[in-house]
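Following: one structure in C-alpha cells, then a few remarks.
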Amino acid sequence: MSTNTTDNQRKVTTSRLLDMKRRNEKIAMLTAYDYSMAKLIDQAGMDVILIGDSASNVMAGNATTLPMTLDQMIYHAQCVVRGTNRALVVADLPFGSYQGNPMVALESAVRMLKESGAEAVKIEGGSEIRESIERILSAGIPVMGHLGLTPQSINKFGTYGVRAKEDAEAEKLINDAKMLEELGCFAVVLEKIPAALAAKVTAALSIPTIGIGAGSGCDGQVLVMHDMLGINEGFSPKFLRRYADLAPVIDSAVKNYIKDVKDGDFPNANEQY
Ligand code: KIV
C-alpha cells in the first residue's frame, strides 16, 4: 500500500500504528543506539525506531542482553531521540528493571520516558509480568509487548532456538498475546516462532504484531541494525536478510587510511592549513 508525501512526513504515533494495521499497511521497525544512525534511519522513513537491549550485544560486546543497566539504556535512548523527528521511539526496559515488582517497573518506565524522551517502552513476557504491565500502562506510558524468544530469559531457555513449536507453549503464547491486547499494549513483538503461529496471533489481535524470525504474516517486521547492515559478520540466522555488507567496506576503508598514514600520503597539501 502506498502513502502520500504528507503521510511520509507525519509523526508516527501509537494510534497511527493501529491505523496502519487496520489499513493493511506494513510497519517497518529497526533498532538504533546512537544519534547519527538514528538520524539516517529516521530520514529514510522508518516507522518505529527501537532502542533494543541488543545494544548489550552489538554495542557493548556482551554475550547476552542481561548485563544492560537502566542507566545505559537511558543513555542510548537519549542519543537516538536527539536524532529522530518522525519515527515512533520505543525503548527496551532492561533485565531486572521491571520483573517482579510493579512499582519498580513503573519507576523504570517513568525514568526512561522522563530522562530520554522515548515515547514508549518494550518489555518481555506475558502473564508473569501482568502486574508490571498494568502499572506502567496506568501512568499513561505506552507498552509494546514481546513474546516468543525473549532473550532476557536465555538462562531459562538454554538456547536461542525457535520457540513455541510445541502445542502447550503455542497456546500460552496466544493467550499471552490476547492478554497484552486486553491490558492495553499498543503492539507486540513476536520473536523466532513458527510463521503459522505468528499469522494466527496476528489474525486474532487488533493491535499490530511486529515479527523477527516470525514470518510474513505479521503486521510489521523488525531487525537489529548491525545485522541487516552486515556489520555483525558472525551472525547469520535463517531469518536475517542483509541489506548491505558493511564489514568489508569498513575494513577496506580503515586499511586504506592506515596505509596512507604510514606512507605519508595522508594528509596531502590540500588537506592541511
Ligand atoms: O533488543 C532488541 O533489539 C530487540 C529486537 C530484536 C526486537 O528486542
Side-chain angles (χ1 to χ4, degrees), residues 17 26-34 37-38 41 46-70 72-77 79-80 84 87-99 108-109 112 116 118 120-126 129 142-154 157 160-164 173 176-177 180 185-193 198 201-202 207-215 218-229 231-232 235-243:
L17 296 185
K26 294 278 187 183
I27 297 163
M29 174 160 127
L30 190 62
T31 67
Y33 317 95
D34 70 285
M37 289 306 298
I41 291 168
M46 194 60 58
D47 296 314
V48 185
I49 297 183
L50 171 71
I51 301 103
D53 60 355
S54 50
S56 184
N57 309 102
V58 298
M59 299 298 290
N62 293 312
T64 72
T65 58
L66 274 63
M68 214 61 190
T69 66
L70 183 58
Q72 288 166 339
M73 287 304 298
I74 289 172
Y75 167 74
H76 284 295
C79 300
V80 166
T84 307
L88 178 75
V89 179
V90 182
D92 267 344
L93 289 186
F95 177 64
S97 72
Y98 60 90
Q99 300 96 335
S108 302
M112 177 56 80
S116 77
V121 296
K122 176 165 81 58
I123 54 182
E124 298 181 3
I129 57 160
V143 175
M144 175 180 273
H146 185 154
L147 300 172
L149 176 63
T150 47
Q152 291 178 13
S153 302
I154 183 60
F157 296 147
Y160 287 103
V162 178
R163 303 303 316 174
L173 189 142
D176 280 344
L180 293 176
C185 292
F186 70 91
V188 53
V189 166
L190 299 176
E191 180 163 353
K192 238 175 164 187
I193 62 170
V201 172
T202 302
I207 58 170
T209 59
I210 314 284
I212 174 164
C218 296
D219 297 304
Q221 298 294 326
V222 57
L223 285 175
V224 169
M225 184 244 293
H226 288 64
D227 301 340
M228 63 87 84
L229 291 180
I231 298 172
N232 191 10
F235 187 67
S236 50
K238 183 179 174 187
F239 70 78
L240 175 62
R241 186 180 294 182
R242 281 197 208 288
Y243 287 84

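Atoms within each ligand, like the ligands themselves, are counted from 1 in listed order. No experiment lies behind these values; they were computed from the predicted model shown. The first residue in the sequence is number 1, and the count goes up from there.
Those atoms of ligand 1 that come under 4.0 Å of a heavy atom in His146, given as number and element, are 8 (O). For ligand 1, the atoms closer than 4.0 angstrom to any heavy atom of Lys122 are 4 (C), 8 (O). Here is the list of ligand 1 atoms found below 4.0 Å of a heavy atom in Thr31: 3 (O). Interface of Gly52 with ligand 1, defined as ligand atoms under 4.0 Å from a residue heavy atom, comprises 1 (O), 2 (C), 3 (O).
Considering backbone and side-chain atoms together, Asp92 places an N or O closer than 3.5 Å to an N or O of ligand 1. The shortest N or O to N or O distance between Glu191 and ligand 1 is not below 3.5 Å. At a 3.5 angstrom cut-off on N or O pairs, Tyr33 does not count as close to ligand 1. Remark: ligand 1 and Asp53 share an N or O pair separated by less than 3.5 Å (distance only, no angle test).
Ranking the protein heavy atoms by distance from atom 4 (C) of ligand 1 puts Leu50 CD2, 3.7 Å first. The protein heavy atom nearest to atom 2 (C) of ligand 1 is Ser54 OG, 3.3 Å.
The aromatic ring centroids of His226 and Tyr33 lie less than 6.0 Å from each other.
With hydrogens and angles disregarded, no donor-acceptor distance shorter than 3.5 Å links the side chain of Ser97 to the backbone of Ser108. The main-chain N or O of Thr209 is found under 3.5 Å from a side-chain atom of Asp219 such that the two form a donor-acceptor pair. Remark: the backbone N or O of Tyr160 is paired with a side-chain donor or acceptor of Lys192 at under 3.5 angstrom. Panel note: side chain Thr150, backbone Gln152; no donor-acceptor pair is recorded below 3.5 Å. For the pair Asp34 (side chain) and Met37 (backbone), a donor-acceptor distance under 3.5 Å is present.
Of the options Leu17, Ile27, Asp47, a side chain to side chain contact (heavy atoms under 4.5 Å, CB included) to Leu88 is made by Leu17 and by none of the others.
Residue Ile212 touches ligand 1 through its side chain alone, judged by heavy-atom distances below 4.0 Å.
A 6.0 Å sphere centred on CZ of Phe239 holds more than 12 heavy atoms belonging to other residues, nucleotides or ligands.
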